[in-house]
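See below for the structure under consideration.
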Amino acid sequence: MPPNITTTLNTARARTYVFRLPLFTRVVIIAIVGFWIAGLQSVVDVREWGALIPDEMGITTLYRMNTFPFIHLNVLHAVMNIFALTPLMERFEGEYGTLNCLALFFGPLTTIPALLYVGVEKFVFGGNVAVMGASMWVFLLLAVEAIKTYKVNPRFVIGTYSIPTWTTPIGLLFAMAVLVPSSSFLGHAAGLVVGYGAGLGYVKFLAPPEKILRWIEGKLNLLGRLPHYVSIDQKTYGRFGVLPSANGASAASPGVSLGLVGSTQRLASALALRRDPRILKIPPYLSLLCILVGAVWLFLLPLNEYSRRTYISENALLPGQVHTYFGGSDQNVFRAYKKEVNELVGKGNVEINDKLESIVKALGLKTARQNFTYSAAGRTFAGENLYAILQAPRGDATEAIVLVAAWENVRHEVNRNGVPLVLTLARYFKRWSLWSKDIIILLSPDSIAGPQAWVDAYHDAHDSSKVASLPIKSGALQGAIAIDYVQEQRFKSVHIVYDGVNGQLPNLDLINSVVNIAGGQMGMGVALQEMWHHNDKYPDRLRTMLRGMLKQGLGLASGPHSSFIPYHVDAVTLQPFGEGWQDEMAMGRVVEGTFRSLNNLLEHLHQSFFFYLLMHRERFVSIGTYLPSAMLVAANFTIMAIFLWMKSGQPDAPAESTDKTPTPTVERDLFLPLAVVTLSGSLSAIPLYIFNHVPESALTPLFLLFLIINTLLPIAISLLSTHLFPSSPPTLQQYHLIKSFSLLLLGMFLSSLATLNFSLAMLIGMLSAPLSFVGPSSSLVSRIAGFALLNFTSPPAVLLASAAVWGLNVGDVLREAAVAWHVTGTYSAVVVWCVWWPAWLAGCVCVLGRTEDKGGKVKEA
Amino acid sequence: MNGGKVTVGRTAALYAGAAVLRLAIFTLLPDLPDLLTGRVEVSTPVTSFKRLQEGLFLYNHNVSPYDGGVYHQAPLFLPLFSLLPNALSYPIFTYLLYIAIDLLSAGALWKTADSGEAGSSALFTSPRRQRRWNGFVIAAIFLFNPFTVATCLGRSTSVFTTCAILHAIAKAVSGAPFGAMVALAFASYLSMYPLLLLPPLLLLCYDRQRTERVKKPVISFAATHVPVVFGVLGLLFGMSYLITGSWEFLPSTYGVQLTLSDLTPNVGLWWYFFIEMFDSFRSFFLAVFWLHLSCYVGGLSVRIRRQPLVVLTLLLGIFAIFKPYPSISDTSLFLAMVPLYRHVFPLMRYSFVIAAVIMYASFLGPAFYYLWIYAGSGNANFFYAITLVWGLGQSLLVCDLMFAVLRDEWELERPEMAGKEIKQI
Amino acid sequence: MRQLFCFVLLSWISFASLLPPAFAAAADYHEQLVLRPLPLSALLASFNFRSNTSLSEFEAHNFRFFPRSLGQILQHAGTQELHLRFSLGRWDSEAWGARPWGGAREGGTGVELWAWLQAATDEEADHKWLTLTNALSGLFCASLNFIDGTRTTRPVMSFQPEGDHLNTTAADTHLLYGVLPHEVVCTENLTPFLKLLPCKGKAGIATLLDGHKLFDASWQSMAIDVKPVCPVGGECVLQIELTIDMVLDIDRSKRPRDNPIPRPPPGHELPCNTSKPYHSHDTCFPTDHQANQDWTLSQIFGRTMKGTCPLTDPTVPPVCLQVPDSRSVYHSDGVLEKKNLDRVSRCFEIKPDVDFEIVLPAPEDESAILVKPETPLLYAERSFTGHGQERGGVQTILRNPSPDTEVEFIYMESLPWFMRIYLHTMSARIQGHTTKDKSLIKEVYYRPAVDRARGTQLEVRMRVPPASTVFLTYDFEKSILRYTEYPPDANRGFDVAAAVITILSPAAYNLRTTSLLCSLPTPDFSMPYNVIIFTSTAIALAFGGMFNILVRRFVAADEGPEVGLAVLKKRIKERVGVLVQKFKGKGQKAEDKMVEVGRMVENPGVGEQT
């Protein structure tokens, strides 16, 4: 009979599984947990006591050889091992019986690897590395399993290369050694060797003779007394002989599975592998593991082992190597300019520009203006940029650096100190003859639209109906610094804002040089991500990183610098903050120092990192370290997709599995699934268009309306699909296919997105994780439960919830999104509506799928 | 689902649908065609429409387009397109031309499919041949394949080659060897590499000859028909010479493909290899790559002698991977031929994996290209890695199809093995 | 008579109308320095040295004032006319007005060289050109030898020979033009330049030429022009003219050499606008852009002028200053000041052995500070459009300031081959009009680039209507190079030479745009081995896969030889057996060992059914 493949791990199944765990396995688990709890107190160092330490080995300390598997480094270690160990141990015990397990695992299977390890570690490597944890067992059992699998189907084929199945644990061994820090390669290897030995039966002779075991068992009547005890005799009937189990028959013993595999006409051994019930049971757990590991991975990043100290990799920058002279009588000038600026507060944009232009012209700079008009969410953002070019003496207009001061910052406070400071700096820079690049002064009316319009026009990527072209230009932009200096009193430290549009980041070298100059040379503090106080500890690092990821994920412009970054112009905004003794001149010197560094550049910044997560001004993780987490999350969808595809190809009734069709797999009816997926995909254009084009006032009501429709839509579709063809309602297979396709697409988009905007991919991946686990089922309850779960994680619901959490009004959130879409071209909305939402919709349709007829078969099959 | 009954109405509907779809995109999204024309995945230096326009401009202003590094396409395009109104002012005519070409290709494909050559050739009849799609479905798959549509929108000149090749095959299966040879000559004239298809095409023609003719041995058959190809080629070259007034179009059209002097990125494996190649070894590796590309012809023609159409299909797949300047239009040509083998699909082992890999690559490719060229945050290796994946995915498809076909042949000898597990030794 | 002469000479200097040959023949060597204050505290100083030698003497290797080193090179390379330019910085025509010499004595940033060579064939011309560039690069310590085939063009319309060549040798004279935009001009180029002068740097105006000052200038251009001049009736002479123009920033030059850092001045020295209501001791609205019109020769050049060169033609005043006559100028004694008729310039005649010094005090009235600079015939600004390293566009903004006269000119670009320009996208439109205007472009000469062999040469004859701005745009594609073809600083980008604009009407006038920086896509330079390995692996995988399928035959899974671990086991068994045999002579023990081994081999079977 064909195997039953449990697609979704619903809680009930998990519970029975736990309750069915045999005796010894339970004991082991309890022991591990117990030892961990015991390890919490600090009176006796349990780890010290129990670990396997080569030098400690002596007659009196032989107990270590048996205790070390139970003792773990930390809770993570313990949990991981328990997860890995339980199923294996359970299988093993089921086959060999509890007594055998007891004998073997307190005898050879533990001591031999231990001795192996100690021997090699001590006498070969002469090292003395203590090992602990059950992972040795895990590998041992894995090896045993691998050998068994090998006997059933010797090789699986990749491309045209067939790989013996018994090698897989070795691969895992190396993977662990590489991925998991401080994992004992040697210890695992020892376990593996003994495991292979056991699998091939070479250590059989060490097992206690059955006669004796039977005798003991008989005498003590263990079977009667102990719950969950697995008798030795049972193993001859195959595992779970007497265990109460729902899927007893289904979990086919190797012998049975062989017959089965033979009967369902395998094509290649690869197919055989696919057919193998054990393989087919893994994927849901595998994808769950992917998600868990992905999440855990993220939280490991702030640790010292994973994050790195920042460093300047572009040697030409030489930050903080030059003496800065800004100050002295420039302060008088600054005060004058500030007076002028203060008089302008509250005046119109053009009036302000007239005044500022007269000042800048007086400095002998070339000035020009640019008009722009954006309209979004029923509003218009119009204004006039004023910019001036300080031509580098002896320079040729090939390269330029930009100094930006927006009249208003993102919080719409007037940049009272920033603008005069920029004017004073311009006057000061004019006196120097060492500039190798032009310096462009940009004075924009606001912080988002103005710079965006200017940069677009500079690169001729602008829509000339909204944004005027620039009358004068300079060379290629090499970098930009924006000053957002609102506060009046003296400041303490500088806050660096570096998030670009769509989560793109400036070259890390730029941030490093600013940190180096402000923090090192000027001796003022530097803060990131509004972490005004940062003790370089785990929690603060984590908070900084998560804030950074959130901003990156939203992809909104966070300052005047944001618009530059998409054009490969590295830019940051500097905000003074805090109560301190630093004055405007100090701020000016920071800018001067940074400009001198940029001026030194021979090549465009390309050396250092563009993908990074900063968690402290001097700590970061690079893409190589953090990308796997997002990729794992994305991978889980792909795994499920492949798995469902295979499953949909399974003959789901005995009759079909034995008939003589030459095809190994049943025909897949692709029409309906493709139709549903395409439909949900094409529907997604509607919310995208609506929420980007309706006026602000209509946003909130529309959203609420959409919320309701959103809940009803899946129901409607599933009803439609059932009643449209009453003759042939969608089968289980079709639901599998729908889910498979939508998950495949989701996984594909997310993994591509992870390279463009890691955080967004991570967020969406996490939020849509439930999609890969809920599926069609026969019981109404589980259907409703799944549907409810999905509705709580639906895009609009999440939007609503997050708005509530941050105390925002949904309408404002939507307006911001629309503005960002129209002005800065933020594509987060597209991802939400055209990637996440369709997948969610398809998932809902699957959940609501009712599959009594087929479902029944599955149950009893 | 094998199409059911094909009526004239359905045919018209299919063609009309395809044409309307393309026209709609052309007119509703006027920026898209130019965007696609600029994509490296769609247009390569030897097929780019923008370069064609440049060549045309120079040609019309009496500057030899071949005395420069931009235009590397066949000379006959120049008079052809200078007959049309200017593509910038009246684009509609160009659109119509390209749409017509696509429909012609579809028609040829349809003929090929309905001939049933795929299922049962002269020397071999597949036990599974009933499970096939008719011409309608196959033409539809070709016409609505996103890659085909993208190529048509991008107005890459490779569609002409595609059309010529498909017609050569159609002629061959319909037993008109002469026409096949002429069509092949045209294809080779447009972009050289189709000349490698000559041996299998000859075999195909030979197998599909009208029965009433006496069967001559293959050699004499070839001896009579190969000259046709070269005659036509010579004729075309002569015309080109008359048009351009010099032979310098030869080095600048075919020489570029042979020496890969233009290293513009594309979806193939050559460009980055020869960017990073040491100068002293460049010519050697060029020879090796070309040898590798041509070495498949003989092997396949001999091993799968009984189904020349299969050889053609597989070769098209191989060219789509290992050509000097491949683009997605070559892939679309290959993907147009694959559905002919509907009957061996069940024997394929990695259909889903292949689909996943190809889709992944086609999404990640543009993303990584953007990171390299525009965002500047990634480097060339990003895009290069994706081209590798793309190539591997396609070669996996070729391998799998080859395996399925061979297995199909093998089961004719040993029917009892149908559905059993087998291995190769 | 002399006044008249001076006037003619001056008018020639400031309006760059070519000198009547009669005068040229008269003097064998003369030198002159013209100082012209410019707005925004700038000062234009243009040095001009000219010497002649008759052709016959030249042929006879009898170079008099003609520098021998250069003369031999010219003879060897069969050069009839030579123009060499070293330039740095940019001329700010909005502020400074028309260019000196009508732009005829300047080049684009970097080094520019064009020459008329006498050669029968193009190949011979190229060969001579190669000789010439190599020799000159040695002579001027500049990497002129990098002007290879890809950087050389043969302009058709832009350049006309300045000298008058006899016997219409146009057939066998070839004009070649080469440019090195990336060449940084510096002091090592000045020294050989001074060596060409008869008085070297020892006497005369050349003593003012100091490397530090010259290369601290905002704009500077060194020019060498060699041309034959044939006066009517007179004997032809070969004329070499060396010109140095520089725009000095007065307040930068006035900084003491030992303390060049522009520290903020003490508060009380700051020129303030005292009219501001908030003006106080610590608040000062600066007005310093007006200042710095008072200077002395020694402040500007760091030294005074040491007499005059004895070889120079005494009839030509060595120093002239262009300020309104109303402005008072003091000079050291032994110097004769002559005001010219144009009322905006005066010249100084200096005795051979006196140190010359002039002092301009701060002007009394704002109006008479300096001569109002004349507006140029055309403003040109060139920039890239688009972003990314795949393709881009070039946009040249040409503005004709004159209200009534239309300007006709030739716009010449010589672009590197890796910029693949699309000529069919070239369009010219008048600002305000969106549609392109066919009538603006009159004639186009285009020679497309050939990869790695030849650069693009584009010459456009076009017109700009009065008081209008024309946008000339075209697209190009950036090609990716072999990794060995990139310079060490690949990510800086590649310099694109300035466009040369030669105005035909209403008057002869030249100007150059600024040069550009074109960033190409770069491969990963650390990767050659990896790439070769990866690609080969991919190909091997594909080939191997197909090869396997093609050559291996099918059998059922249960047929055929067993593979993998079984074979291994058998081998181990034999090995052990043999070992045991040779180990123990006693058959009995050997046997049961064998048995045991046998059991070990059986065991897996047990494991399987359990």
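Sequence lines set the chain letters: A, B, ... in the order given, protein chains first and strands last, and positions in each chain run from 1. All of these numbers come straight from a predicted model, not from anything done at the bench.
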Let me know if C:Ser383 has heavy atoms under 4.5 Å from chain A in its side chain, its backbone, both or neither. side chain
Determine yes or no for a side-chain-to-main-chain donor-acceptor pair under 3.5 angstrom, with A:Arg335 supplying the side chain and C:Asp282 the backbone. yes
Under a 4.5 Å cutoff for heavy-atom pairs, which residue among C:Arg255, C:Arg382, C:Gln395, C:His281 has the most contacts with chain A? C:Arg255
Measuring heavy-atom distances to chain A, does C:Arg252 have an atom under 4.5 Å in its side chain, in its backbone, in both, or in neither? side chain
Hey, could you give me the CD/OG distance between A:Glu399 and C:Ser519, rounded to the nearest 0.5 Å? 10.5 Å
side-chain contact (heavy atoms from CB on, under 4.5 Å) evaluation trace for A:Glu340 with C:Lys276: CA-CA 10 Å; A:Glu340 299 285 341; C:Lys276 292 282 181 186; 2.9 Å; yes
Could you measure the distance from the NE2 atom of C:His268 to the CG atom of A:Asn332? Nearest 0.5 Å is fine. 11.0 Å
Whether the side chain of C:Glu381 engages the backbone of A:Ile472 through a donor-acceptor N/O pair (distance < 3.5 Å, no angle test) should be reported. no
Could you check if a side-chain atom of A:Thr398 sits within less than 4.5 angstrom of a side-chain atom of C:Ser515, using non-hydrogen atoms only? yes
Measure the CZ-OH distance between C:Arg263 and A:Tyr325 for me, rounded to the nearest 0.5 Å. 4.5 Å
Non-hydrogen atoms of chain A under 4.5 Å away: do they reach the side chain of C:Tyr278, the backbone, both or neither? side chain
What part of C:Glu94 gets within 4.5 angstrom of chain A, counting heavy atoms only: side chain, backbone, both, or neither? side chain
Please tell me whether C:Asn491 and A:His606 have a donor and an acceptor in their side chains that are separated by less than 3.5 angstrom. yes
Between C:Pro266 and chain A, which part of the residue has a heavy atom less than 4.5 Å away: side chain, backbone, both or neither? backbone
Of all the heavy-atom pairs spanning A:Leu602 and C:Arg492, show the shortest one and how long it is. O-CG, 3.2 Å
Can you tell me how far the CG atom of C:Leu517 sits from the CD atom of A:Gln478, to the nearest 0.5 Å? 7.0 Å
When A:Gly395, A:Gly327, A:Ser464 are compared by non-hydrogen pairs under 4.5 Å with chain C, the top option: A:Gly395
A:Lys366 versus chain C, heavy atoms under 4.5 Å apart: side chain, backbone, both or neither? side chain
For A:Asp396, is there an ion pair with C:Arg512 - N to carboxylate O distance below 4.0 angstrom? no
Below 4.5 Å, heavy-atom pairs only: which of C:Asn273, C:Asp495, C:Ile261, C:Ile397 has the largest tally toward chain A? C:Ile261
Given side chains that start at C-beta, do those of A:Ile359 and C:Phe285 come closer than 4.5 Å, heavy atoms only? yes
Derivation and outcome, salt bridge (charged side-chain N to carboxylate O under 4.0 Å, His left out), residues A:Arg431 and C:Asp249: CA-CA 10 Å; A:Arg431 296 211 298 270; C:Asp249 187 307; over 6 Å; no
With chain C, which of A:Gln331, A:His459, A:Lys430, A:Arg394 has the greatest number of heavy-atom pairs at distances under 4.5 Å? A:Arg394
Is A:Leu605 close to chain C through its backbone or its side chain, or both, or neither, when contacts mean heavy atoms under 4.5 Å? neither
Top of C:Gly89, C:Gly388, C:Cys284 for chain A proximity - count of heavy-atom pairs under 4.5 angstrom: C:Cys284
Under 4.5 Å heavy-atom distance to chain C, tell me which part of A:Gln391 shows up: side chain, backbone, both or neither. both
May I ask you to name which of A:Leu601, A:Val144, A:Val333 has the most heavy-atom pairs under 4.5 Å with chain C? A:Val333
Minimal heavy-atom distance between A:Asp330 and C:Pro264, with the atoms involved, is OD2-CG, 3.5 Å
Between CZ on residue C:Phe215 and OG on residue A:Ser433, distance to nearest 0.5 Å: 14.5 Å
Are A:Tyr337 and C:Pro286 side-chain neighbours, meaning at least one heavy-atom pair lies under 4.5 Å? yes
Under a 4.5 Å cutoff for heavy-atom pairs, which residue among C:Gly267, C:Cys272, C:Ala95, C:Gly386 has the most contacts with chain A? C:Gly386
Under the salt bridge (Lys or Arg N to Asp or Glu O under 4.0 Å) test, which residues partner A:Arg596, sequence neighbours left out? none
